[in-house]
2 protein chains.
Amino acid sequence: MQKQELYIIKIGGNVIDHPEKLGAFLKDFSEIQKPKILVHGGGKLATKLAEKLEIPQEFFEGRRITNEETRDVAVMVYAGLINKNIVAALQKNGLDSIGFSGADANLIPAHKRPVKTIDFGWVGDVETEKINANFLEKVISEDICPVFCAITHDGKGNLLNTNADTIASSLAVALSAHFEVNLAYCFEKNGVLENVENENSVIAKITPETYIQLKEKNIVNDGMIPKIDNAFAAIEKGVKSVFILKETFLKKLINENNRTSGTEITQ
Amino acid sequence: MQKQELYIIKIGGNVIDHPEKLGAFLKDFSEIQKPKILVHGGGKLATKLAEKLEIPQEFFEGRRITNEETRDVAVMVYAGLINKNIVAALQKNGLDSIGFSGADANLIPAHKRPVKTIDFGWVGDVETEKINANFLEKVISEDICPVFCAITHDGKGNLLNTNADTIASSLAVALSAHFEVNLAYCFEKNGVLENVENENSVIAKITPETYIQLKEKNIVNDGMIPKIDNAFAAIEKGVKSVFILKETFLKKLINENNRTSGTEITQ
C-alpha cells in the first residue's frame with residue numbers, strides 16, 4: 001500500500017521574530033492541502049527575556065551553555081508564548097492544531113548531551129528511534145496538525161533545550177515508516193544559491209552526485225554544508241526529499257508542485 | 001451502559017509554589033488508578049516574573065486587570081514552565097500525559113470577558129458547551145492523562161487568562177455526557193470546616209438540604225460559599241460529586257475510597 005504524503009516544515013527564528021511575516025506564513029501554512037507538522041525555532045525572544053532578567057549567558061567557543069535559568073526561559077518562551085500563540089493563530093485560520101513539546105505523550109525522548117571537554121548544560125540530543133510515531137499518526141489521522149517547539153525531555157523529569165532543525169529531521173526520519181515524508185526547511189534565502197550574492201542563482205536540485213561536483217567546485221558555501229549533509233542523512237534513513245526555501249514559496253511548492261524557487265535535495 | 005468513572009483534579013497555587021509538595025503530589029497523582037485529568041493553577045511565579053520585568057499591575061476593586069504583557073507572562077509561566085514541567089515529572093513517574101491549553105485541539109473555546117463598567121483585559125470566560133469532549137475522550141482512551149493550564153483562546157487568535165477553578169468545573173460538566181465525573185478541588189485545608197480554626201472539624205458531606213442548614217447557622221465561612229455554590233452548579237449539570245480536600249488525601253480517597261478526610265458535595 002502506498003504511504004500517505006506528509007510534510008514536516010521547520011520555520012526559523014527570522015520569521016518568528018517578525019509578527020507580520022509570521023502571520024502571513026501561518027495563513028499560508030493553514031492553506032497547505034496535505035497532512036503536515038510544524039516545527040518552530042525560537043528567534044530572539046528568549047535571548048531578550050534572559051537579558052531583561054539578567055541571567056548570565058555563558059558560551060564556549062561561540063556555543064551557548066544552557067544553564068538552568070536559561071533552560072527555564074527557553075521553556076517559557078518556546079513551549080509557552082510562541083507555541084501557544086502559533087496554535088491560537090492556526091485555530092483562527094481554521095486549521096486544527098495541538099502544540100507539543102517532546103515531553104507530551106513522550107513524543108520526543110532525548111538525553112542530556114554527554115559531557116566531554118565541556119558541559120553544555122540542559123541541552124538535549126534526540127533519541128530518534130524512541131519517537132512516539134504511533135501517537136503522532138493518530139493525531140494526524142484526526143486532521144489535527146502537530147506544532148512542535150524545540151523542547152524535549154529526558155524521562156527523568158528534566159526538560160531539555162534542543163535544536164529545532166534536529167527536531168524536524170528526527171521527526172521526519174521516525175515518521176518515514178508511516179508516511180512518505182518530505183522535510184522543508186524555511187529560511188531567509190530563496191534556496192541553496194550558486195552565488196550567495198545572487199538570490200536568482202538557486203540550485204533547483206541536489207543529488208548525491210551533483211553535490212560532490214558542487215563541493216569540488218567550491219560552489220556551496222561553508223554555512224550550507226552541514227545543512228545539506230543533514231538532509232542527505234535524513235534521506236538515507238527514509239525521508240523522500242528535503243526542501244530548502246523561503247517560507248513565502250512553501251504553499252505554492254506543496255499545493256501546486258511549483259518548483260520555480262527553492263532547492264530540492266533528494267536521491 | 002454504565003459510564004466510566006473520571007476524576008478531574010484541580011491543584012492550586014499553594015502546591016505549585018512548593019517544589020517538594022508538588023513533587024509529592026505528582027507522585028501520588030501518578031498512582032491514582034482511575035482515568036483522570038489534572039488542572040493546575042499558577043501560584044506566585046507569574047506575579048514574581050511580572051514584577052521582575054516591571055510590568056505595571058492594574059487592579060479594580062482588588063481584581064486584577066490582565067493587560068497584554070501580563071497575559072503573555074501568564075502564557076509563558078502557566079502554559080510553558082509549569083505545564084511542561086508537570087508533564088515531564090508525570091512521565092518520570094510512568095504516567096503518560098499531555099499538557100494542554102484551551103487553544104490546543106480547540107479544547108476550551110472562550111471569549112474575552114464582556115466590558116461592563118470595567119475592562120478586565122485578556123481574561124476568558126469559558127464556553128462550556130463548545131468544549132471538545134470528543135477529543136478528550138480519545139486521549140483518555142489512549143491512557144494518556146490530559147494536564148490543563150488555565151489558558152484558553154477566543155478563536156480569533158487571542159489567548160486568554162482564565163480561572164483554573166472554572167476550567168476544572170467546565171471540563172467536569174462537559175465530560176459528564178461521556179463519563180461519570182468526580183471533581184476534586186485540592187487546597188490547603190482538610191476540607192470544608194465547621195470551625196476554620198480546627199482542622200479536625202471537617203464536614204464530611206454536604207447535600208443541598210444540609211447546605212441550607214449550614215448557611216442558616218452561619219457555619220460555612222464566606223470564602224467557601226462561592227466554591228460550594230459552584231460545586232452545586234456543576235452537580236446540577238451532571239457532575240456526580242465534588243470533593244474539597246487537602247491534596248495529600250487525594251490518592252487514598254480515590255484508590256481506597258477512604259473518606260476519613262475531605263468534604264464531598266453531592267445531591
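Below, chains carry the letters A, B, ... as their sequence lines are ordered, and counting in each starts from 1.
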Sorted by chain and number, sequence neighbours left out, ring pair (Phe, Tyr, Trp, His ring centres under 6.0 Å) with B:Phe179 holds for none

Under 3.5 Å, which donor-acceptor pairs link chain B and chain A? Put them in a table for me, please.
from     : atom 1 : to       : atom 2 : distance (Å)
B:Lys84  : NZ     : A:Asp104 : OD1    : 3.2
B:Lys84  : NZ     : A:Asp104 : OD2    : 2.8
B:Gln91  : NE2    : A:Ala103 : O      : 2.9
B:Ser97  : O      : A:Ala105 : N      : 2.8
B:Gly99  : N      : A:Asp104 : OD1    : 2.7
B:Ala103 : O      : A:Gln91  : NE2    : 2.9
B:Asp104 : OD1    : A:Lys84  : NZ     : 3.1
B:Asp104 : OD1    : A:Gly99  : N      : 2.7
B:Asp104 : OD2    : A:Lys84  : NZ     : 2.8
B:Ala105 : N      : A:Ser97  : O      : 2.7
B:Lys138 : NZ     : A:Glu142 : OE1    : 2.8
B:Lys138 : NZ     : A:Glu142 : OE2    : 3.1
B:Glu142 : OE1    : A:Lys138 : NZ     : 2.8
B:Glu142 : OE2    : A:Lys138 : NZ     : 3.1

Let's test your reading of the structure: which of B:Val87, B:Val77, B:Leu159 forms the most heavy-atom pairs below 4.5 Å with chain A? B:Leu159

Among all residues two or more places apart in sequence or in another chain, which pass the ring pair (Phe, Tyr, Trp, His ring centres under 6.0 Å) test with A:Phe100? A:Phe148

Is there a side-chain contact (heavy atoms from CB on, under 4.5 Å) between A:Leu175 and A:Ile131 once you walk through the steps? CA-CA 9 Å; A:Leu175 286 162; A:Ile131 284 178; 5.8 Å; no

To the nearest 0.5 Å, atom CG of A:Leu183 lies from atom CG of A:Leu171 at 9.5 Å

B:Phe59/B:Ile65 under side-chain contact (heavy atoms from CB on, under 4.5 Å): CA gap, chis, key distance, verdict: CA-CA 5 Å; B:Phe59 292 87; B:Ile65 294 170; over 6 Å; no

Could you give me the CA-CA distance, side-chain angles and deciding distance for B:Leu160 and B:Ile151, then say whether side-chain contact (heavy atoms from CB on, under 4.5 Å) is met? CA-CA 6 Å; B:Leu160 297 165; B:Ile151 300 291; over 6 Å; no

Let me know if B:Leu81 has heavy atoms under 4.5 Å from chain A in its side chain, its backbone, both or neither. both

Quick check on the interface: out of B:Ala105, B:Ala89, B:Ala103, who has the most heavy-atom pairs with chain A under 4.5 Å? B:Ala105

Please round to the nearest 0.5 Å and tell me the distance separating atom CG of A:Leu250 and atom CD1 of A:Ile11. 8.0 Å

